[in-house]
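These numbers come from the heavy atoms of this one structure, side chains and all, not from hydrogens, waters or symmetry mates. This structure is a prediction, so every number in the text was calculated from the model and none was measured.
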Amino acid sequence: WDHGKLDIVSDITAIPQADASFDAILCTEVLEHVPDALAALNEFHRLLNPGGRLLLTVPFVSFTHFAPYHFSTGFSRYYFELHLKNLGFKIDEIYLSGNFFELLAQEVRRARDVADKYTDRRLSFFDKRALKMVINLLGKLGDSDRGSSELACYGVFVEATRGDRASSISF
């Protein structure tokens with residue numbers, strides 16, 4: 001990775017900037033790579049001005065990637081509802097991207113690559129056709145989903161505002 005054009009290179013839980021230095025923080029697809037995500041959220045609270053905006057995303061049921069720097073396979077909405085509130089944020093919006101059937105379809109799509117990498121068996125034309133049929137069925141079921149968002153940690157988009165609390169909680 002070329003870090004030459006970055007303004008700050010630091011530990012995400014100890015960013016060398018003064019309290020209330022930023023009006024907004026965007027953190028996208030990062031928290032699964034942080035050993036202590038709660039400490040990172042605490043740091044965001046410290047860095048934001050009161051009324052400052054936090055925009056963050058976490059992946060849709062992430063497989064291990066960037067190992068050994070991968071520490072979580074999913075964050076639920078409840079994680080953010082609890083911890084952001086406790087840190088002094090007001091949650092403006094939480095959007096879940098996905099449902100149970102989309103999750104299954106995603107993993108069935110990966111089956112061919114996973115089979116090629118981790119088994120000695122190559123999928124036949126009929127195997128591939130069967131996978132495609134299952135994916136199509138899952139797509140139809142996903143289109144008519146009625147609330148399966150409680151079954152797994154799908155991708156989450158959070159928009160939150162820092163409250164007026166004087167200082168963040170120390171851990």
Side-chain angles (χ1 to χ4, degrees), residues 1-17 19 21-48 52-118 135 138-139 142 145 147-163 165 168-171:
W1 297 94
D2 177 10
H3 296 108
K5 294 183 181 182
L6 298 178
D7 294 325
I8 301 169
V9 177
S10 70
D11 182 328
I12 196 170
T13 65
I15 297 172
Q17 296 292 307
D19 294 357
S21 295
F22 298 99
D23 294 323
I25 293 175
L26 170 65
C27 179
T28 182
E29 312 301 305
V30 171
L31 290 183
E32 72 274 17
H33 301 288
V34 178
D36 186 352
L38 191 53
L41 295 175
N42 187 62
E43 182 70 350
F44 297 162
H45 186 276
R46 181 188 74 78
L47 290 169
L48 282 171
R53 310 286 288 168
L54 173 63
L55 303 171
L56 66 88
T57 66
V58 292
F60 180 82
V61 187
S62 129
F63 275 7
T64 300
H65 56 284
F66 293 111
Y69 304 104
H70 188 269
F71 302 100
S72 178
T73 59
F75 290 90
S76 72
R77 69 176 300 142
Y78 307 110
Y79 179 90
F80 295 111
E81 287 172 348
L82 172 71
H83 294 300
L84 289 177
K85 179 182 174 186
N86 287 344
L87 289 169
F89 284 96
K90 175 189 166 282
I91 295 175
D92 302 306
E93 181 178 355
I94 291 183
Y95 173 77
L96 303 177
S97 59
N99 63 51
F100 177 74
F101 304 103
E102 291 171 353
L103 166 63
L104 289 178
Q106 170 183 282
E107 300 315 314
V108 171
R109 279 186 203 95
R110 290 186 216 229
R112 183 172 23 191
D113 293 335
V114 172
D116 287 347
K117 185 171 182 177
Y118 294 105
I135 291 167
L138 291 169
D145 182 74
S148 66
S149 61
E150 300 297 318
L151 297 175
C153 296
Y154 305 108
V156 179
F157 166 82
V158 180
E159 184 176 344
T161 304
R162 181 188 163 182
R165 197 165 53 121
S168 50
I169 300 168
S170 296
F171 295 94

Specify the closest pair of heavy atoms between Asn99 and Phe101, including all atoms of both residues, with the distance to one decimal. OD1-N, 2.9 Å
Do the non-hydrogen side-chain atoms of Arg110 and Asp113 ever get within less than 4.5 Å of each other? no
For the residue pair Gly98 and Glu102, what are the closest heavy atoms and their distance? CA-OE1, 3.0 Å
Quick check: do Val158 and Leu54 have side-chain heavy atoms less than 4.5 Å from each other? no
Does the plane of the ring in His45 sit parallel, tilted or perpendicular to the ring in Phe89? Use 30° and 60° as the thresholds. perpendicular
side-chain hydrogen bond (donor to acceptor under 3.5 Å, both in side chains) partners for Asp92, two or more places apart: Arg53, Lys90, Thr161
CZ of Phe157: more than 12 outside heavy atoms within 6.0 angstrom? yes
Closest approach of Thr13 and Ala39, non-hydrogen atoms and distance? CG2-CB, 3.7 Å
Any residue meeting side chain to side chain contact (heavy atoms under 4.5 Å, CB included) with Glu81, in chain and number order, not counting sequence neighbours: Arg77, Tyr78, Ile91, Ile94
Pairwise distance CG(Asn86) to CG(Leu41) - rounded to 0.5 angstrom: 11.0 Å
Considering all heavy atoms of both residues, which atom of Arg46 and which atom of Arg162 are nearest to each other, and what is their separation? O-NH1, 4.0 Å
Quick check on Tyr95: does its OH atom have over 12 non-hydrogen neighbours (other residues, nucleotides or ligands) under 6.0 Å away? no
In terms of heavy-atom contacts, Phe75 and Val156 come closest through O-CG2, 3.5 Å
Straight-line distance of Asp36 CG to Glu43 CD, nearest 0.5 Å: 11.5 Å
Is the side chain of Gln17 donor-acceptor paired with the backbone N or O of Leu47 at a distance under 3.5 Å, no angle test? no
For Pro68, check side chain to side chain contact (heavy atoms under 4.5 Å, CB included) against everything at least two apart and list the hits. none
Enter the distance from Asp145:CG to Leu151:CG here, rounded to the nearest 0.5 Å. 8.5 Å
Let me confirm one number: the CZ-CG distance from Arg109 to Leu138, rounded to the nearest 0.5 Å. 8.5 Å
Shortest non-hydrogen contact from Leu84 toward Ala160: CD1-CB, 4.3 Å
With side-chain hydrogen bond (donor to acceptor under 3.5 Å, both in side chains) as the criterion, how do Thr57 and Glu29 come out once you've worked through the C-alpha distance, each side chain's angles and the decisive distance to 0.1 Å? CA-CA 6 Å; Thr57 66; Glu29 312 301 305; 2.7 Å; yes
Quick check: are there more than 12 heavy atoms from other residues, nucleotides or ligands sitting under 6.0 Å from CZ of Arg112? no
Which value, rounded to the nearest 0.5 Å, describes the distance between Ile12 atom CD1 and Cys27 atom SG? 4.5 Å
To the nearest 0.5 angstrom, please state how far the CG atom of Asp11 sits from the CD1 atom of Ile8. 12.5 Å
When you compare the side chain of Val58 with that of Tyr79, does any pair of heavy atoms fall below 4.5 Å? no
Tell me whether Tyr154 contacts the main-chain N or O of Phe100 through its side chain, where contact means a donor paired with an acceptor under 3.5 Å. yes
